[in-house]
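To start, the structure itself, in structure tokens.
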Amino acid sequence: MDFEIERSARVCAATGRALGEGEEFFSILVREGRQIVRRDYALEAWTGPPDDAVASWKSRIPERHAKPKLAPRDVVLRLFDALGQSGEQADLRYMLALWLMRRRILKPEPAAGEGSTATGRDVLALYDPSTETIYQVPVALPAASRAAELEREMSRLLGIGQPAPDEPSPGAQP
């Protein structure tokens, strides 16, 4: 699967004010129970990321026909780490690992003991050349009924995927 950053929800989480085209804003990912939630903040409402933020970044609402950008590498890796530390949503972490591998951010590492863990579960060994970290990601293939839900979850968390239903796709006729 290829993912691209989806346009922001265009609403400030603190003030409820709509964010306009070309406006700079901040985004964060935070845990709410078992979920990781994205929030966007207008510059005037931004007081810095909360202590419990998984990731934060500054962005700009794109012009209506601007080409989408890929998710920021460091944001995706922080989310990947957070999912690994929590031990929850193994299938989401596995899908994110495959996306990171496809984007060539993480590379397969067969020398790291690819195969099964002590629990008998298959693992995917991946290497991050920027930090020289080796990850052991349990293989957690989602059920066919969950695959679409996982794709929506990745889109929601990272703002990647298809344009929001009320926004035209790039190149669409007005």
Side-chain angles (χ1 to χ4, degrees), residues 1-64 66-103 105-106 126-138 140 142 146 148-167:
M1 285 185 268
D2 276 337
F3 292 101
E4 294 180 354
I5 291 181
E6 184 177 302
R7 293 179 179 123
S8 167
R10 298 180 182 229
V11 176
C12 175
T15 65
R17 179 178 70 77
L19 302 172
E21 283 186 33
E23 183 176 351
E24 290 185 322
F25 65 99
F26 285 91
S27 295
I28 63 170
L29 297 178
V30 294
R31 284 190 189 281
E32 284 187 359
R34 298 181 79 180
Q35 299 280 332
I36 296 179
V37 179
R38 177 185 173 160
R39 294 190 185 125
D40 298 323
Y41 293 88
L43 291 181
E44 70 272 6
W46 180 248
T47 58
D51 292 337
D52 62 344
V54 173
S56 65
W57 66 98
K58 186 177 183 181
S59 193
R60 179 182 302 271
I61 298 289
E63 300 297 325
R64 187 168 282 290
K67 183 178 178 184
K69 297 178 184 171
L70 295 177
R73 179 188 183 285
D74 59 326
V75 170
V76 178
L77 285 173
R78 281 193 295 249
L79 174 60
F80 179 73
D81 281 337
L83 288 171
Q85 291 172 8
S86 74
E88 299 172 5
Q89 297 179 304
D91 53 358
L92 178 61
R93 185 169 191 247
Y94 179 69
M95 296 289 288
L96 190 55
L98 295 176
W99 185 85
L100 288 164
M101 199 167 62
R102 181 168 184 161
R103 288 281 166 212
I105 294 170
L106 298 179
L126 298 173
Y127 174 71
D128 181 353
S130 67
T131 62
E132 298 185 355
T133 303
I134 295 175
Y135 296 99
Q136 299 284 334
V137 182
R146 177 125 161 87
E149 179 184 338
L150 283 174
E151 187 174 342
R152 284 190 305 275
E153 179 75 0
M154 287 179 68
S155 293
R156 185 185 65 77
L157 290 174
L158 301 172
I160 55 181
Q162 299 301 315
D166 60 334
E167 298 175 348

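- With values rounded to the nearest 0.5 angstrom, R146 atom CZ is found 9.5 Å from M95 atom CE.
- Considering every non-hydrogen atom in both R60 and E24, the closest pair reads NH2-OE2, 3.0 Å.
- Residues V76 and I105 have side chains not in contact (no heavy-atom distance under 4.5 Å, counting atoms from C-beta outward).
- Between W46 and F26, the ring-plane angle classifies as parallel under the 30° and 60° cut-offs.
- Considering CZ of R38 and CG of L79, their distance stands at 12.0 Å, rounded to 0.5 Å.
- Minimum heavy-atom separation, V30 to P50: CG1-CG, 4.0 Å.
- Taken to the nearest 0.5 Å, the CZ atom of F80 stands 6.0 Å off from the CG atom of L126.
- When all heavy atoms are compared, the tightest approach of S56 to I28 is CB-CG2, 3.7 Å.
- Atom SG of C12 is separated from atom CD of E44 by 6.5 Å, given to the nearest 0.5 angstrom.
- Taking 4.5 Å as the limit, some side-chain heavy atom of K58 sits within range of a side-chain heavy atom of L43.
- Atoms CH2 and CG, on W57 and L29 in that order, are 4.0 Å from each other to the nearest 0.5 Å.
- With contacts defined as side-chain heavy-atom distances shorter than 4.5 Å, the pair E149/P142 does not qualify.
- The two residues R93 and P138 make their nearest non-hydrogen contact at NH1-CD, 4.4 Å.
- Using a 4.5 Å cut-off on side-chain heavy atoms (C-beta onward), L96 and W99 make contact.
- Taking CG of D40 as the reference point, atom CZ of R10 lies at 10.5 Å (rounded to 0.5 Å).
- Between L19 and A42, the shortest heavy-atom distance links the atoms CD2-CB, 3.7 Å.
- Using a 4.5 Å heavy-atom threshold, the side chains of D81 and R78 count as separate.
- Counting all heavy atoms, side chain and backbone alike, R31 lies closest to L83 at NH2-N, 4.2 Å.
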